[in-house]
Protein chains: 2
Amino acid sequence: MGLKGKKVLIADDEPDILEIIQYNLEREGYETSTAKDGDEALAKAKSEKPDLIILDIMMPKKNGIEVCQILRSQPAFKDVLIIFLTALSDETSHIKGLETGADDYVSKPISPKVLLSRVSALFRRANKGPGDRVIQLETLTIDPDRYEVLANTNNVTLAKKEFELLYLLASKPGRVFLRNEILNQVWGNDVIVGGRTIDVHIRKLRQKLGMDCITTIKGVGYKFDL
Amino acid sequence: MGLKGKKVLIADDEPDILEIIQYNLEREGYETSTAKDGDEALAKAKSEKPDLIILDIMMPKKNGIEVCQILRSQPAFKDVLIIFLTALSDETSHIKGLETGADDYVSKPISPKVLLSRVSALFRRANKGPGDRVIQLETLTIDPDRYEVLANTNNVTLAKKEFELLYLLASKPGRVFLRNEILNQVWGNDVIVGGRTIDVHIRKLRQKLGMDCITTIKGVGYKFDL
DNA sequence: TTTCATTTTACGGGTTTTTTAAGGCTATTT
DNA sequence: AAATAGCCTTAAAAAACCCGTAAAATGAAA
């Protein structure tokens, strides 16, 4: 599960639109998937757990507003980012949309540049990158764009999983991450790995970082603290 | 030389339109040249290196979209500003146009005011004069206008893909490019090439440049660093 | 068409990363 | 004190990934 690979689900009934958006998002390094109606959107939202859902308002089966309402009513999707697409003149939808809990709103016809900037603005606001994703904590700097870690003025080279693990923990200093949470975030929901895998990675991190910043909470999980 | 000193190439098969646009742009201080079909547009783009190209979609020889695609496929024109002109109702073209990599889109009948504001907005956004495309990093110079690379005082000749790959990486030194990003940017996301293709090009680059400036990050991608 | 350069594929080999496994340690409970 | 649970440590197996080379395919020029 990559760092940049924010997953975006795009739902629209017009294949052309779908394609343009997908093309442009993938160019920027996002992972994408698509749905062509409301029901499919709901299903894929559940199965793929995207970070952002771009919803056309006018769709067969269920329209975007309905989809949004259903999602928002479930705790698991309370924080998913949602952008509505809609016809220019459709002012009412705009209002309804934001009322329903959308995070932003882009009107058709779509300009890819506009959409992209909204998307990245949204991620930035939600503190999920790309862009301002550097974590800086006292003597430790973690830069996922450069894939570099600076600990006490010396550059530390981390392998992929190590890096992602550190990034996760450091993203919310002081907060405890359950083992399960870590597995889901770093390894992905569907990947099954043995129970000791996390330990080993934690150990390597502590070793490589050379500073005591990861605390074990027995029977619960780990937390990052400086 | 006008106060703005920006060169604009206008391509349209209707002399009237050509004249109106040219007149208005020159009033604002732009240098202009014109073409009346796709082939002429391509030729003049190459010979005159304009900063902005205004392309009518419907043209003899080659239509605007074709011209745009051809230009965009060449590194030298990857960043030229392009505005499409088209008939109002032509929604499909709009989509196709932006997909093809146009920067903006103005529909006929043209209002000079609208066009001028779009043009200046575009330049404001782009905010870069000619010559800005050269990348200069310590002992390495990459010039996409001349298609040349200077590494440690010796001229290195790169093939097209090699050059584009290097240019991409060097455009953001230190930043990691995922394999997917590289594929999308250099190859285009509709082209399907095997996974090892990037490796080979990276290898050739390292070989030809004779300097150790490309770093592999296993499982993630590559980055350029000096 | 032929020729030549570029681009892509194929694949063995080697390296790094990731995972598993097993024994040891420590704190907590009985 | 013994038993237990949970994590640490280490080592080694397994998997993933990339390099280098060479050959095949593609495309451009003569």
Side-chain angles (χ1 to χ4, degrees), chain A residues 1-3 5 147 149 156-169 176-188 190-210 212-224, chain B residues 42 46 69-70 73-75 147-149 156-169 176-224:
Chain A
M1 195 149 293
L3 278 166
Y147 223 91
V149 174
V156 179
T157 308
L158 298 182
K160 193 176 151 184
K161 284 281 193 295
E162 289 160 14
F163 192 96
E164 291 178 16
L165 176 54
L166 174 64
Y167 192 78
L168 173 68
L169 294 180
V176 181
F177 287 84
L178 311 182
R179 286 170 160 283
N180 248 344
E181 271 183 291
I182 295 175
L183 279 180
N184 287 341
Q185 297 284 334
V186 178
W187 275 264
D190 36 350
V191 181
I192 306 157
V193 292
R196 298 272 66 76
T197 301
I198 294 180
D199 306 0
V200 177
H201 280 88
I202 291 280
R203 174 172 153 42
K204 286 210 155 185
L205 270 180
R206 297 209 248 235
Q207 194 176 273
K208 284 190 178 177
L209 292 179
D212 188 23
C213 54
I214 299 174
T215 312
T216 305
I217 289 154
K218 286 192 96 172
V220 185
Y222 296 91
K223 71 171 174 175
F224 180 94
Chain B
L42 275 175
K46 278 169 196 164
Q69 279 173 330
I70 291 168
S73 71
Q74 300 174 25
Y147 226 95
E148 274 177 0
V149 175
V156 178
T157 309
L158 298 182
K160 191 175 152 189
K161 284 282 193 292
E162 289 161 13
F163 190 93
E164 291 178 20
L165 177 54
L166 175 62
Y167 192 78
L168 173 68
L169 293 180
V176 178
F177 288 83
L178 311 182
R179 293 178 99 80
N180 246 347
E181 276 180 290
I182 294 175
L183 278 180
N184 289 339
Q185 298 282 338
V186 178
W187 274 264
N189 80 335
D190 39 346
V191 181
I192 306 157
V193 293
R196 298 273 66 76
T197 301
I198 294 180
D199 306 0
V200 177
H201 281 87
I202 291 280
R203 174 173 155 18
K204 287 210 154 183
L205 271 180
R206 296 209 249 236
Q207 194 175 271
K208 284 190 179 179
L209 292 178
M211 54 205 307
D212 187 22
C213 54
I214 299 173
T215 313
T216 304
I217 289 153
K218 282 196 117 185
V220 184
Y222 295 91
K223 70 173 172 175
F224 181 94

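Throughout, a chain's letter reflects where its sequence line sits, starting with A, and its residues are numbered from 1. Bear in mind that the values here come from a model prediction, so they are computed numbers and not experimental data.
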Can you tell me if B/K208 uses its side chain to pair, donor with acceptor, with the backbone of B/T157 under 3.5 Å? yes

In the structure I gave you, are the side-chain heavy atoms of A/L165 and A/L158 within less than 4.5 Å of one another anywhere? no

Is any side-chain heavy atom of B/E164 less than 4.5 Å from a side-chain heavy atom of B/W187? no

B/L169, B/T216, B/I214, B/T215 screened by side-chain contact (heavy atoms from CB on, under 4.5 Å) with B/K223, the one that passes: B/T215

Indicate yes or no: at least one non-hydrogen side-chain atom of B/D199 is less than 4.5 angstrom from one of B/Y222. yes

Please round to the nearest 0.5 Å and tell me the distance separating atom CE of B/M211 and atom CG of B/L205. 12.0 Å

Strictly under 4.0 angstrom, non-hydrogen atoms only: write out the protein contact profile of nucleotides 1-10 of chain D, one letter per nucleotide from the 5' end, B, S or -. -----BSBSB

Residue pair A/G195/A/L158 against DNA chain C: nearer the 5' end by closest nucleotide is A/L158

Rounded distance (Å) that lies between atom C1' of D/dT21 and atom NE2 of B/H201: 15 Å

Footprint ends on DNA chain C, 5' to 3', for atoms under 4.0 angstrom from a heavy atom of chain A, come out as C/dT17 to C/dT26

Could you measure the distance from the CZ atom of A/R196 to the CZ atom of A/R203? Nearest 0.5 Å is fine. 14.0 Å

Heavy-atom distance under 4.5 Å between the side chains of B/F224 and B/L166, does that happen here? yes

Bend angle of the helix from C/dT1-D/dA30 to C/dT30-D/dA1, from helix axes over five pairs at each end, nearest 10°: 30°

Nearest heavy-atom approach of B/V176 to B/E181 is O-OE1, 3.9 Å

Provide the closest heavy-atom pair for A/L168 versus A/F177 in the form atom of the first, atom of the second, distance. O-CZ, 3.5 Å

